[in-house]
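One structure below.
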Amino acid sequence: MDAPVISIEGLTKRYGQVEAVRELDLEVRRGEVFGLLGPNGAGKTTTILTLLGLSEPTSGTVRVLGLDPAREAAKVKRQVGYVPDAVGFYPNLTARQNLRYTARLNGIADAEDRIAELLEQVGLAHAADRRAGAYSRGMLQRLGIADALVKSPSVMILDEPTIAIDPDGVRQVLALIRELRDQHQMTVLLSSHLLYQVQEVCDRVGIFVRGRLVAVGSVEELARRLADGRTVLEVGVAGDADAAARRLAELDGVKDVDREGDLLLAVCEDEARGRIAGALTGAGHTLLHLRQRSSHLDEIYHRYFHEQN
Amino acid sequence: MVARKEIADHLHSARFFVVAALLTVTGVAAVYAAGGRIRDVASQATDDPSLFLKLFTVAIENTPFAFVNFVALIGPLLGIAFGFDAVSSERAQRTLPRLLAQPIHRDDVVNGKFAAGLAVIGMLLTALMLLVAAVGVVRLGIVPRAEDVGRMLVYLVVSIVYIGVWLAFALMLSILLQRAATAALTAIGTWLVLSLLAALIVQMVAGMFAEPGGVENAGLQQALGRASPAIVYEEVTAALLTPELRTLGVIMPEQAFRAVPGQLPLGQSLLLVWPQLAGLVALAAVVFAVAYIAFLRQEVRV
């Protein structure tokens with residue numbers, strides 16, 4: 001197997017008395033989209049800055065493409081595209097001029113074609129010669145991705161790529177990230193606190209709470225691990241909910257039935273899931289709502305978060 | 001690379017036009033007025049070989065301001081204007097992390113910004129000197145001698161160094177202070193204290209330790225005054241543009257009694273202000289070094 005693109009071992013970063021990151025171990029494999037998820041202030045941005053050599057670790061080792069970012073920052077930065085949290089551009093320059101500056105800083109002499117192509121790719125070709133100051137948040141985010149791609153990186157790091165942009169913008173950004181992986185074979189590390197927004201693009205996620213990584217794996221794996229072979233189903237029926245609850249409780253494999261407002265929460269073994277709908281409709285209930293809980297990243301995250309407390 | 005972009009930014013900015021206009025108007029007005037006064041006294045001064053330099057040092061009628069005073073006054077503002085938000089604006093626009101994520105050295109950013117500011121200031125001052133010299137030639141009808149040109153060139157370089165001190169200072173503030181407005185106010189406050197109020201403060205302090213009017217007091221005043229780069233710069237300017245000036249120290253009337261009036265050659269004038277010159281260069285270097293180190297040690301996210 002390939003060596004990991006990003007590997008972090010025992011990373012600790014302290015700001016004065018505050019430990020932003022504690023004993024972090026993490027590996028990101030080639031060609032995957034890895035989501036670093038956690039609430040604000042969990043240490044996601046700090047971790048990202050150490051990957052770029054913009055912040056020195058207090059202890060621990062960090063390797064990006066086999067290089068130590070603290071020592072070989074320039075080499076790392078040549079191959080890693082970075083889109084910071086709430087990325088900004090020089091407001092007096094046009095999008096094209098901003099990208100041209102980035103190209104020059106990367107020592108790329110003639111980047112005109114590449115810039116035009118990238119602006120096309122992120123859907124900003126129509127606004128290429130508008131001043132960046134007139135861009136919306138979502139456009140800036142996409143311009144940020146184009147900017148990071150100017151140097152043709154093999155790794156992309158995106159800090160909160162979906163923050164403060166509208167749902168349409170989020171969709172566009174996520175589609176771009178998917179495209180980077182599928183068509184350009186890039187490794188992508190993204191951080192977010194809006195878990196449900198990014199869960200669909202992430203191959204694996206790491207849940208980061210107060211400087212510690214509490215769980216790593218694919219969304220399904222995490223869900224399974226937390227559920228411990230059991231699943232919580234939300235069930236909504238029209239009419240007599242109590243009767244429906246009694247019917248559910250009688251079912252084989254259903255351990256427990258709770259009420260949460262209008263919803264019934266059925267805790268059941270995985271293989272019992274398929275029988276629930278049939279049992280209810282068979283008993284004459286009209287099924288209005290049926291959803292599996294805890295495969296949803298938000299809930300996984302909440303439960304991990306609460307376990308910590 | 002950074003410098004190139006910064007220069008382009010400066011040249012396109014509104015603030016460049018404002019300071020350029022301010023400098024040009026005051027500079028040309030001062031020289032024009034000085035030209036008028038020189039004409040009045042030209043009859044007695046025909047044998048003055050460095051009449052041309054008088055253009056820069058003769059004050060406008062009824063004011064204490066000559067061209068050199070305007071440069072001394074507005075120059076620091078120029079430095080402050082091009083430096084006070086150099087780094088903090090990158091933070092405010094959130095472009096700093098993106099800039100630092102490019103494969104450049106971190107010091108390239110400060111170096112580039114300082115070099116760009118200095119280059120723009122150099123261009124402005126050179127253009128102004130040329131313009132003013134041209135106005136002078138037209139107005140007075142005299143052509144400067146090689147010696148005068150030499151003095152003007154040295155004056156130009158010294159002025160750029162002096163403004164460089166202020167540029168470095170403003171750059172340092174833009175790194176240490178989060179808000180551009182705070183940095184600008186701090187810089188302007190310092191400038192007010194060191195240039196306009198310095199003479200007053202020095203007089204007051206010297207008065208506390210030595211009898212006013214005495215030699216001791218004068219000596220003390222001079223020593224204290226040299227703590228202000230503005231006063232040091234004034235001394236250098238005076239020595240460079242007034243060849244008759246023989247010493248910067250305190251002179252008693254009996255020492256000057258029956259002295260033969262004459263002019264120092266440029267080399268001797270330079271010798272006179274050598275320590276001051278070295279001091280200005282060193283100060284610019286030290287302030288810039290502080291800015292440089294502060295920037296390298298600062299966290300990206302502050």
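Protein chains get the first letters and strands the later ones, always in sequence-line order, with residue 1 at the start of each.
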Crowding at CD, A:E9 (>12 non-hydrogen neighbours, <6.0 Å): no
Set of residues satisfying ring pair (Phe, Tyr, Trp, His ring centres under 6.0 Å) with respect to A:F34, sequence neighbours excluded: none
Given heavy-atom pairs under 4.5 angstrom as the criterion, report whether the side chain, backbone, both or neither of A:L93 touches chain B. side chain
Over 12 foreign heavy atoms within 6.0 Å of CZ, B:R4: no
Taking the side chain as everything from C-beta on, heavy atoms only, tell me whether B:Q93 gets closer than 4.5 Å to A:P91. yes
Not counting sequence neighbours, list each pair that qualifies as a side-chain hydrogen bond (donor to acceptor under 3.5 Å, both in side chains) and has a residue in residues 14-25 of chain B. B:R15-B:D85
Picking from A:A86, A:S55, A:G53, A:G144, which has the most non-hydrogen pairs under 4.5 angstrom with chain B? A:A86
Engaged part of A:N92 at the chain B interface, taking heavy atoms whose separation is under 4.5 Å: neither
Close contacts, residues 75-83 of chain A versus chain B, judged by heavy atoms under 4.5 Å: A:K77, A:R78, A:Y82
Go through the atoms of A:Y101 and report whether side chain, backbone, both or neither lie under 4.5 Å from a heavy atom of chain B. side chain
Within residues 97-128 of chain B, contacts to chain A at heavy-atom distances under 4.5 Å involve B:P97, B:R98, B:L99, B:L100, B:A101, B:Q102, B:P103, B:I104, B:R106
Any chance you could lay out the side-chain contact (heavy atoms from CB on, under 4.5 Å) test for B:K5 and A:Y90, step after step, and finish with the verdict? CA-CA 11 Å; B:K5 177 210 161 250; A:Y90 300 108; 3.5 Å; yes
So which part of A:D159 gets closer than 4.5 Å to some heavy atom of chain B, the side chain, the backbone, both or neither? neither
Kindly check if the number of other-residue, nucleotide or ligand heavy atoms within 6.0 Å of CD (A:E179) is above 12? yes
Please indicate whether B:R179 has more than 12 foreign heavy atoms, meaning atoms of other residues, nucleotides or ligands, lying under 6.0 Å from its CZ. no
Which answer fits A:A73, side chain, backbone, both or neither, if we ask what part of it has an atom under 4.5 Å from a heavy atom of chain B? neither
